[in-house]
Each structure stands twice: as C-alpha cells, then as structure tokens.
Amino acid sequence: MCTSITYVTKDHYFGRNFDYEISYNEVVAITPRNYILDFRKIENLNTYYAMIGIAAGIADYPLYYDAMNEKGLCMAGLNFAGYAYYNEYEEGKENVSPFEFIPYILGQCTTVDEAKKLLNTINLVNINFSDDLPLSPLHWLLADKEKSIVIESMEDGLHIYDNPVGVLTNNPSFDYQLFNLNNYRALSNMTPKNNFSNQVDLEVYSRGMGGIGLPGDLSSTSRFVRAAFAKLNSVSGNSEDESISQFFHILGAVEQQRGLCDVGDEKYEYTVYSSCCNADKGIYYYRTYENSQITALDMFKEDLESNQIVKYPLVEKQQINYAN
C-alpha cells in the first residue's frame, strides 16, 4: 500500500510513501536524454526528456516506482490490487506495458494536458517484464504545477479522473475515494461548537478536538482521508527547507511502522521510503525507514546528454548528528 501527494508553495512538490513488506534494492535512477528506452511493442524512444526517480535496483531498465522529468511533470504508480486490468495487444493503439508507462509518459510530455492527449492513444497491455518480474496491479497519479489526474486501467476501460485534492492511495477506485470525503465534511482544524445537544454541557477538554473523527487506521480509504485533510489544511512557508519539511510531515501522517500491518509469514508492511521532488528545480529528496535524514540528488548536476542511466543506492543506515 502507498500514499502519494502533490503540494505547492512557491515551487511544486510531488512525492510518496512506498509501503511494502520487502525491498527490491531500490535506487535513485537518473535516465538521461539519450539512453535508448526499449519498448516491447512500440518504437523505441531514442531521445526524450530526462527524468529522475526511485526504481527497482534489480534490472538495467528504469523500473520506476515514481519519477519526475526535467520539465516538472511527475508520476507515481501505486498498488491497485483487485481492480487493475491490463489488456491484450490491440492493433492501431500504442501498446505500452505498465512497467514502461512512467518513462513513456514522462519522456514525451511536459504537462498533464499533453499527457491526456497521449493517453487517448494508449493501450496498457499485459506483458510482464520477465518471468521473475510479473506486472504489479497499479494505478497512477500524474501531476504538474497546475493540476493532477489519476489514471486507472480497469476491465471496463481506461479511466482518467481529475484530482482536485492531489492525493492518491490504493483501492477502491479513485471516484469512490473522492466521494468518501463527503462523510468527513464535519472535520475541521478548529475546535467545534457543541452540536450534540443543547441539553448537556460538553467540555472542551483538549486541544486538537477539531480533528475528532479523523480515521487513524492504515487502510487505503482511511489514509486517503487523513492525507487529504493534512495536505489541504497544511500551512508552511515558501522556502525550500520549510516546504520539504512540511511535505515530509504530511507524508508522516500516513506512514506505516513495521509491526502494525501483518501480511502473513511473519512479514509486515512498512514505509520503505518517503520521497519529495522539487519539480521546478529537479531535486529529488528521500528518506528511508532506517534513515530519518533527508538525502537529496539534483538531476541537473548529472550529464543529461549521456546515454547511460546513473544510479545511486539508497542511504539506509541511520545518520545521527551527535551534538556533543
């Protein structure tokens, strides 16, 4: 399970929690403009927009979980088990496998509107990366500085939703998640007045009572509500430090601690990493479960005219600043 959000102060930020019970040796991968993107059923992209993101470190191909391109367009794939459906090959369509989807979109588009036009030609086709790496059931959050959309390939077709809250978790489908916010209209960051009854005097016994009723469990529907409430009520300054700190605090509202989500066989889902991209500056920030310190990589400090992917293993050992 995962949570992804967008956030705008002076700059545009995008990122996610990646929640899973195992790691695939994740790396920060920078794909330069001249690395040949080899697609299974369509023509290769020989030159395109450079991109940076976290990818599985078990293949040479950029198997991105989330990424942003040099123009500021961002995309993340999140688990959509039981709902995602990938099609058979269809003549006359751009038959793109889901593992190719993020580089295919980010390699060619600069805005959500450009991506929407490209999506009209796409058929997400059921082709595994390999026998050892079958496709994951996913849906995607795609965002620029002005807007975001959710893309869901289901048995009844490809659904594209405008996303007014800039949040995505997992199943059920996005239209339900958005509608479910109606059940939380009474939530507020303010201390509420007594609407229970005028016949009983109810005491304001604590700060934070405006949030009473905010769900606290780890389900995808609860995380969607909690992340949306935290993001939409968030207040921060415009500086880079304030913005990225606030972004990670919002993700912290829905992070998963190891041991709280038992998935069987003595395995527990937890937040493997949290990421935050400054999409205007091309800087990718992240922290991992074992390392609370924020690590940053600037894509524009790499040779973006290269034809080789640059990979940085995640810094996972805890970094502690001893003050004495």
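These numbers come from a predicted model, not from an experiment.
Ring planes of Phe18 and Tyr273: parallel class, angle under 30° (limits at 30 and 60°). Using bins of under 30°, 30° to 60° and over 60° for the plane-to-plane angle, the ring pair Trp140/Tyr86 lands in the tilted bin.
With respect to the salt-bridge test (charged N to carboxylate O, under 4.0 angstrom), the residues Asp113 and Lys147 qualify. For Glu290 and Lys317, the salt-bridge test fails: no basic side-chain N is under 4.0 Å from an acidic carboxylate O.
Asn87 and Asn123 share a donor-acceptor pair across their side chains, judged by distance under 3.5 Å alone. Under 3.5 Å, the side chains of Tyr289 and Gln256 contain no donor-acceptor pair of N or O atoms. If you check the side chains of Tyr286 and Glu26, you find no donor sitting under 3.5 Å from an acceptor. A donor-acceptor pair shorter than 3.5 Å can be found between the side chains of Thr3 and Arg223. Side-chain atoms of His159 and Glu152 include no donor-acceptor pair closer than 3.5 Å. Under the 3.5 Å distance criterion, with hydrogens and angles disregarded, no donor-acceptor pair is assigned to the side chains of Ser130 and Asp132. Between the side chains of Asp217 and Ser222, at least one donor N or O lies within less than 3.5 Å of an accepting N or O. Remark: the Glu100 side chain and the Ser97 side chain contain no N/O donor-acceptor pair separated by less than 3.5 Å. Side-chain contact annotation: Glu305 with Asn34, donor-acceptor N/O pair under 3.5 Å present.
Contact of the Ser243 side chain with the Asp11 side chain is not registered, since no non-hydrogen atoms from C-beta on lie closer than 4.5 Å. Side-chain contact between Met51 and Met75 is absent, with no heavy-atom pair separated by less than 4.5 Å. Within the 4.5 Å cutoff, the side chain of Leu106 has no heavy atoms near those of the Tyr48 side chain. The shortest side-chain heavy-atom distance between Phe99 and Leu135 falls under the 4.5 Å cut-off. Tyr268 places none of its side-chain heavy atoms less than 4.5 Å from the side chain of Gln257. Inter-residue side-chain proximity for Asp162 and Lys116 is flagged as met; some heavy-atom pair is nearer than 4.5 Å. In this structure, the side chains of Phe224 and Phe174 come closer than 4.5 Å at one or more pairs of heavy atoms. Residues Leu158 and Leu124 are in side-chain contact: their nearest non-hydrogen atoms beyond the backbone lie under 4.5 Å apart.
Checked by atom type and distance alone, the side chain of Asn163 pairs as donor or acceptor with a backbone atom of Val167 at under 3.5 Å. A donor-acceptor pair under 3.5 Å links the side-chain atoms of Gln246 to the main chain of Val235, judged by distance alone. A distance-only check finds no donor-acceptor pair linking the side chain of Thr121 to the backbone of Lys93 [under 3.5 Å]. In this structure, Gln293 contributes its side chain and Gln318 its backbone to no donor-acceptor pair below 3.5 Å. Of the possible donor and acceptor atoms, one in the side chain of Gln108 sits under 3.5 Å from a partner among the backbone N and O of Tyr104. A donor-acceptor pair is defined here as one N or O able to donate and one able to accept, closer than 3.5 Å; such a pair exists between the side chain of Asn170 and the backbone of Asn79. Looking only at distances, no side-chain donor or acceptor of Lys71 sits under 3.5 Å from a matching main-chain atom of Ala50. Side chain of Ser188 to main chain of Gly210: no donor-acceptor pair is present (N/O by atom type, distance under 3.5 Å, no hydrogens or angles). Without hydrogens or angle criteria, Asn17 side chain to Asp19 main chain gives no donor-acceptor distance under 3.5 Å.
Not counting sequence neighbours, the partners of Val310 by the side chain to side chain contact (heavy atoms under 4.5 Å, CB included) test are Ile30, Glu302, Tyr312.
Expressed to the nearest 0.5 Å, how far OH of Tyr65 lies from OG of Ser275 amounts to 12.0 Å. Rounded to the nearest 0.5 Å, atoms CG (Asp144) and CG (Leu142) are 7.5 Å apart. Here the straight-line distance linking atom SG of Cys261 with atom CD of Glu269 works out to 4.5 Å at 0.5 Å rounding. For the atom pair CD1 of Ile151 and CD1 of Ile105, the computed distance is 6.0 Å after rounding to the nearest 0.5 Å. Note that CE of Met68 is 5.5 Å distant from CD1 of Ile52, once rounded to the nearest 0.5 Å. Here Leu119 contributes atom CG and Ile149 contributes atom CD1; the two are 5.5 Å apart, rounded to the nearest 0.5 Å.
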Using side-chain contact (heavy atoms from CB on, under 4.5 Å), reason through Leu181 and Phe229 one step at a time and then give a plain yes or no. CA-CA 9 Å; Leu181 292 181; Phe229 182 78; over 6 Å; no
May I have the step-by-step check of side-chain contact (heavy atoms from CB on, under 4.5 Å) for Tyr7 and Lys231, ending in yes or no? CA-CA 7 Å; Tyr7 188 62; Lys231 180 211 159 176; 4.3 Å; yes
Apply side-chain contact (heavy atoms from CB on, under 4.5 Å) to Ser4 and Asp66, showing your working. CA-CA 9 Å; Ser4 184; Asp66 58 86; over 6 Å; no
Tyr13 vs Asp280, side-chain contact (heavy atoms from CB on, under 4.5 Å): CA-CA, chis, key distance, verdict: CA-CA 8 Å; Tyr13 299 87; Asp280 292 336; over 6 Å; no
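Relative to the ring axis of Tyr184, Arg226 does not place its NZ or CZ within 45° and under 6.0 Å from the centre.
Between Glu240 and Tyr285, the shortest heavy-atom contact is OE2-OH, 2.6 Å. Nearest heavy-atom pair, Ala230 versus Ala253, reported as atom, atom and distance to 0.1 Å: CB-CB, 4.3 Å. Here the closest heavy-atom approach between residue Tyr83 and residue Pro172 is recorded as OH-CB, 3.4 Å.
Put simply, Val150 and Ile122 are part of two different groups of oily side chains (I, L, V, M, F, W, Y) that touch within less than 4.5 Å, one to the next.
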